[in-house]
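The block underneath contains the structure these notes are about, expressed in structure tokens.
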Amino acid sequence: MAEILRRDFYARDPVEVARSLLGCRLLRRVDGVCLGGRITETEAYVGAEDSASHAYRGMTPRNRVMFGPPGHAYVYFVYGMHHMFNVVTGAEGVPWAVLIRGLAPELGLDAMRERRGRRPLADGPGKLCQALAIDRGFDAWDLTRGQALWIEAGEQVPDSAVAAGPRVGIDYALPQHREAPWRFCLLGN
DNA sequence: GTCAAGATTAGT
DNA sequence: CTAATCTTGACG
């Protein structure tokens, strides 16, 4: 069993954390069953200066956990149907976060299929939340406790296996933020 | 109170 | 390309 990521892992710049999370394992325990897999895609949201971030216009009831201590989940609901799972990074008071956009499923495939049916299991932020049964009940969840929902270290991922590019779904953001290479993908997925 | 828009997905 | 579906946050 690999090591659960500690708070100091999360207490960094979100771009670094987004890159470092590739290859780590996002795990969920539900009804005594473990499900999850390797993280294959992430996006960094760089706080109050980032026009793509929910924190761009300050703290609101929805985004308040982004301003809290690192190592906690920020989960919200969009489009009337999808949940998004983020991890809070940086220091308390600084609204940095990383959106987890994709997983390569490894554990609990059957349990995930119960929710996803015959469709792709976790190659998108909304699909991943459905497969792992992550909803707003996990907003502010402490990921360092290793209970119900947590992340473990994975094998080292070389830069040659990583692609960085602009984030998706943020056409509303300013050009400099729309184009910033803050999305990371593990190649071959 | 009203209203437009959304860090997406599945189906045409 | 577009519908689905409902919460949020801005405005008044």
For [X] and [N], give me the distance from atom [atom1] to atom [atom2], rounded to whole Å.
X	N	atom1	atom2	value
M81(A)	dA3(C)	CE	P	12 Å
R183(A)	dA7(B)	CZ	P	16 Å
F184(A)	dA7(B)	CZ	C1'	16 Å
M59(A)	dA10(C)	CE	C1'	18 Å
R136(A)	dA7(B)	CZ	P	14 Å
H82(A)	dA10(B)	NE2	C1'	8 Å
Y74(A)	dA7(B)	OH	P	9 Å
M66(A)	dG9(C)	CE	P	12 Å

Open item on the list: If we ignore hydrogens and angles and just use 3.5 Å, is the side chain of R116(A) paired with the main-chain N or O of A122(A) as donor and acceptor?
Closed with: no

Open item on the list: What's the gap between dA3(C) and dA4(B) when it is taken at their P atoms, as a whole Å value?
Closed with: 16 Å

- [ ] With P as the reference atom in both, quote the distance from dT2(B) to dT5(C) in angstrom, rounded to an integer.
- [x] 23 Å

Task: No-hydrogen, no-angle side-chain donor-acceptor test under 3.5 Å, R7(A) and T144(A) - done: yes

- [ ] Check every atom of dT8(C), dT8(B), dG9(C) against the side chain of P61(A) and return the nucleotide holding the closest atom.
- [x] dG9(C)

Check this one for me: any side-chain N or O of [X] less than 4.0 Å away from OP1 or OP2 of [N]?
X	N	value
R101(A)	dT8(B)	yes
R62(A)	dG6(B)	no
R116(A)	dT9(B)	no
R119(A)	dG11(B)	yes
Y79(A)	dA5(B)	no

Mind checking [X] for me? I need base, sugar-phosphate or nothing, with any heavy atom below 4.0 Å counting as a touch.
X	result
R167(A)	nothing
L99(A)	base
M84(A)	sugar-phosphate
R178(A)	nothing

Open item on the list: Can you work out whether K127(A) or Y172(A) has the more 5'-proximal nearest nucleotide on DNA chain B?
Closed with: Y172(A)

Task: Same cluster (ILVMFWY, side-chain, under 4.5 Å), F138(A) and L21(A) - done: yes

Open item on the list: Between R136(A) and D139(A) (salt bridge meaning N to carboxylate O under 4.0 Å), is one present in this structure?
Closed with: no

Task: Ion pair check, R19(A) and D13(A), cut-off under 4.0 Å - done: no

Open item on the list: Which label fits H54(A) and Y76(A): parallel for a plane angle under 30°, tilted from 30 to 60°, or perpendicular past 60°?
Closed with: perpendicular

Open item on the list: Any strand counts, and the cut-off is 3.5 Å on both contacts for Watson-Crick or G-U wobble. Which nucleotide pairs with dG9(C)?
Closed with: dC3(B)

Open item on the list: Return whichever of T60(A) or V78(A) has its heavy-atom-nearest nucleotide of DNA chain C closer to the 5' end.
Closed with: V78(A)

